[in-house]
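Remember, it's a predicted structure, so these values are computed and weren't measured experimentally. Throughout, a chain's letter reflects where its sequence line sits, starting with A, and its residues are numbered from 1.
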Amino acid sequence: MADTVYPRLIGARLRSQMSYRASFALDLATQALAQWVELVVILVLFSHVNALGGFSKEEVLLMYAFAGIAFGIADLFAGQLDNLPTYIRAGTFDVLLLRPLGTLPQIMVSDVRLRRIGRIAGALAVMVYALAQVSVVWTPAKVALAIATPLAGAVIFSAIWVVTCSVCFWIVEGREFANAFTYGSGAFTSYPVNVYSAPLRWVMAFIVPGAFVAYYPSLALLGKQDPLGLPGWVGWTSPLVAALAAGVAALVWRFAVRHYRGTGS
Amino acid sequence: MLAGMTANVVFGMLRVAILAAALEAADGEIADYDIAATNTYVWIGQGLLGFVLLWGTNELAERVRSGDVVVDLYRPWHLQSAMLAQDLGRGGFAFLTRLAPPMVFGVLLFPFQFPASSAQWPLFLVSAVLALVVSFACRFLVDASAFWLLDNRGLYGFWNVTSGLLCGLTVPVSFFPGWARDVLWLTPFPALMQAPIDVFLGHGDVTGVLLHQLFWAVALLGAGHLVLQRAVRKVVVQGG
Amino acid sequence: MIEVRELRREFRIATSKGLRRNHKTVTAVDGVTFDVRAGEAVGYVGPNGAGKSTTIKMLTGILVPTSGHLRVGGVDPSRQRRDLARRIGVVFGQRSQLWWDLPLQDSFDLLRSIYRVPAQDYRTRLDECVELLGLQETLLTPVRQLSLGQRMRGEITAALLHAPELLVLDEPTIGLDLESKERLREFLADINTRRGTTLLLTTHDLDDIERLCPRLMVIDHGRVLADGPLDELRAEVTPERELVIDLREPGPAPDVPGVTAVRSEAGGLRHHLTFRRAETTAAQLITQVVRQVEVHDLAVVEPEIDDVIRKLYQRQLDQDAHR
């Protein structure tokens with residue numbers, strides 16, 4: 001389908017941001033810095049220990065990098081959903097409903113946060129470093145896995161964003177609640193999930209499928225056993241989990257919008 | 001408020017888990033922090049975050065950009081003092097709604113290290129209020145930069161990104177390598193967060209910590225006052 | 001074009017009393033029935049909270065009706081939102097569908113691809129709007145820098161690029177200065193008569209109706225109180241008109257049969273007279289008045305639309321009481 005609407009909408013957004021050029025460059029740098037602040041934390045911790053949850057510094061850095069890239073890409077598009085309460089209150093959401101396009105893709109391209117590229121670049125640099133340091137027996141399948149992992153992770157994060165922000169259609173201050181899961185899983189997935197207590201792990205790793213963003217794919221790449229006892233092939237299922245999460249997110253969104261049109265004001 | 005608590009608690013639990021994993025790998029203690037001290041550190045930190053308001057609203061800067069600030073400047077008050085008074089008032093409320101709940105949560109569900117002597121409680125309170133004042137003074141300076149930069153959002157973002165790490169919110173300042181720790185204590189950052197936590201835990205020399213905070217509170221408020229004076233002159237000269 | 005039968009819409013509103021949470025149901029639109037034929041121009045008025053916006057949101061497919069039958073251009077708006085969107089244009093006076101940071105022209109280009117308008121049609125329609133609305137100078141200006149009047153002209157152009165059969169306008173002239181208002185009205189009247197675009201507009205401004213809409217619908221408390229030509233409604237509800245005369249010298253009110261002197265001001269310089277519109281015309285009356293007194297200035301005052309609506313509403317209450 002030769003549909004050029006969405007690329008055009010994204011292009012428009014890019015032009016708007018470029019109209020504030022100086023502050024945009026600074027934003028880019030700040031975003032990269034934000035990513036590295038988390039890196040400093042990991043390095044500080046590893047100045048006292050040799051392993052975290054049984055994983056070496058380079059292995060944790062790999063997970064952190066996968067999570068960082070995935071979160072950055074997701075934030076680029078799905079991060080706009082943070083503005084949903086404003087959209088609803090100001091009536092902008094109604095304007096989206098007046099157009100012959102889906103509401104979710106319209107929101108996603110409405111305010112592409114280009115400065116997040118700074119964050120993605122920062123994480124990408126760490127990924128390259130970590131991959132060079134860890135011992136991976138490279139096969140074509142593992143190369144594909146290394147490339148697919150951040151992308152699948154981005155889809156999973158986006159799905160989390162969509163599902164949790166849908167709450168805003170019911171609860172006015174739903175945004176902070178959503179943030180616990182969106183930004184929370186961003187932080188959660190940067191570390192091996194076996195360090196967390198069981199209840200937290202169940203919620204953030206499996207119900208919210210955070211473990212499939214970085215942890216399991218990294219295990220598969222490194223050829224390591226899961227301390228939690230799941231079989232090795234689980235590390236290859238992230239794209240499937242991502243597809244499933246996207247499906248759930250689409251359903252939840254449809255349900256939420258139907259609720260809005262049914263009882264909105 | 002409940003929604004805000006959810007985020008606060010989730011992040012607190014994440015931080016506890018990661019630090020606990022590090023402690024475990026380091027045979028139970030890193031730089032004076034055992035598991036109880038670590039939990040206490042995390043939950044006080046989660047509470048102080050909302051109390052000292054590390055990440056503010058950049059509201060004054062927005063008013064500078066829109067020009068509305070002229071109204072604020074010509075009112076018969078000292079703008080900085082008025083804003084500080086407001087912030088202290090906010091803090092009074094936030095003490096109950098933001099500082100206390102995460103601490104109670106930590107006490108109930110985790111091993112917690114209470115102060116060894118009862119004298120530490122009022123000292124903690126003093127230190128927390130000083131932290132709020134330092135936080136206000138820093139935010140005011142970031143805000144006031146808008147008088148010169150006009151668009152200070154870059155600086156504001158920079159502050160938001162780095163302050164959490166440097167003040168000891170994400171990892172205790174004492175976890176840093178010796179040289180970094182020494183450099184950090186020469187800056188106002190530990191006064192924002194690490195200082196009250198140290199007072200509560202009985203880490204370091206209490207008098208020294210409080211003096212550090214007091215020094216930076218006075219110095220930064222003074223700097224803010226000077227900046228405001230120059231800003232007023234600038235606005236008057238340019239006719240607003 | 002529009003077919004509405006017994007349309008209802010309820011909202012559940014959460015009311016919290018202490019710790020208990022209750023819901024109460026508010027009926028915003030309470031059994032509305034009307035038709036709008038293709039090519040008509042209809043004014044939809046009523047006080048704030050009367051149910052205007054809710055009706056508009058149902059007509060445009062934003063909200064789903066609680067019950068009732070609704071067709072716009074033969075389409076069920078709530079089920080076929082996207083099909084409908086291609087066939088109608090909507091302008092909300094208080095929320096923009098333009099891209100804030102981009103030049104006006106870019107917004108138009110984007111809408112062209114959203115609505116898949118063929119390049120040739122797009123060119124002709126855009127040129128026509130730009131010409132008639134005088135937008136030439138503003139096409140390259142970012143929307144955020146436009147004046148309210150310029151922006152509103154942009155909004156209307158944006159809503160017309162896909163040549164909708166129906167144009168719905170919610171308070172299109174709110175906040176505009178007189179000149180901008182007049183320009184908009186002229187343009188809307190033109191596309192209504194020349195292109196045959198059906199117009200439905202809500203407004204607080206009587207002049208919008210007077211200028212644009214041969215037909216007026218009045219809604220209050222979610223119900224249609226009246227539906228017909230503005231003049232008829234006025235005549236029906238307020239059978240008396242008022243003539244205000246300013247005299248050269250202070251003096252008593254002229255005595256004309258069929259006319260009541262209501263009050264006088266400024267020590268007898270100004271007099272308010274009322275007369276029944278069924279019995280005499282303003283012209284006849286004026287001829288008689290100037291024979292008796294020396295008139296400095298005069299004006300025929302029509303009842304304000306708010307008065308008309310209030311009277312309509314009072315009448316409705318009386319009818320309900322009689323039932």
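For B/Glu29 (side chain) and B/Ala26 (main-chain N/O), no donor-acceptor pair under 3.5 Å exists by modelled atom type. Here the side chain of B/Thr170 pairs a donor or acceptor atom with the backbone of B/Gly164 at under 3.5 angstrom.
For B/Leu14, the parts sitting under 4.5 Å from any heavy atom of chain A are the backbone and the side chain alike. For a residue to count as touching a neighbouring chain, one of its non-hydrogen atoms must lie under 4.5 Å from one of that chain's; by this rule A/Val40 touches chain B with the side chain only. Contact annotation for B/Leu155: only backbone heavy atoms (N, CA, C, O) come within less than 4.5 Å of a heavy atom of chain A. At a 4.5 Å heavy-atom cutoff, the contact between A/Leu33 and chain B is made by backbone and side-chain atoms alike. Heavy atoms closer than 4.5 Å to chain A are found in both the backbone and the side chain of B/Phe175. A/Ala34 touches chain B through backbone and side chain together, each having a heavy atom under 4.5 Å away.
No other option in A/Ala29, A/Gly184, A/Gly174 has as many heavy-atom pairs under 4.5 Å with chain B as A/Gly184. The choice from A/Pro192, A/Ala180, A/Gly54 that makes the most heavy-atom pairs within less than 4.5 Å of chain B is A/Ala180. Of all the listed residues (B/Ala180, B/Gly154, B/Gly157), the one sharing the greatest number of non-hydrogen pairs under 4.5 Å with chain A is B/Gly154.
With ring centers used as reference points, A/Phe71 lies under 6.0 Å from A/Tyr183.
Residues B/Ile18 and A/Leu52 approach most closely at O-CD1, 4.3 Å, considering heavy atoms.
Using bins of under 30°, 30° to 60° and over 60° for the plane-to-plane angle, the ring pair A/Tyr196/A/Phe188 lands in the parallel bin. Note: B/Tyr33 and B/His203 have perpendicular aromatic rings, judged against thresholds of 30 and 60 degrees for the angle between ring planes. The aromatic rings of A/Trp202 and A/Phe206 sit tilted, their planes meeting at an angle between 30° and 60°.
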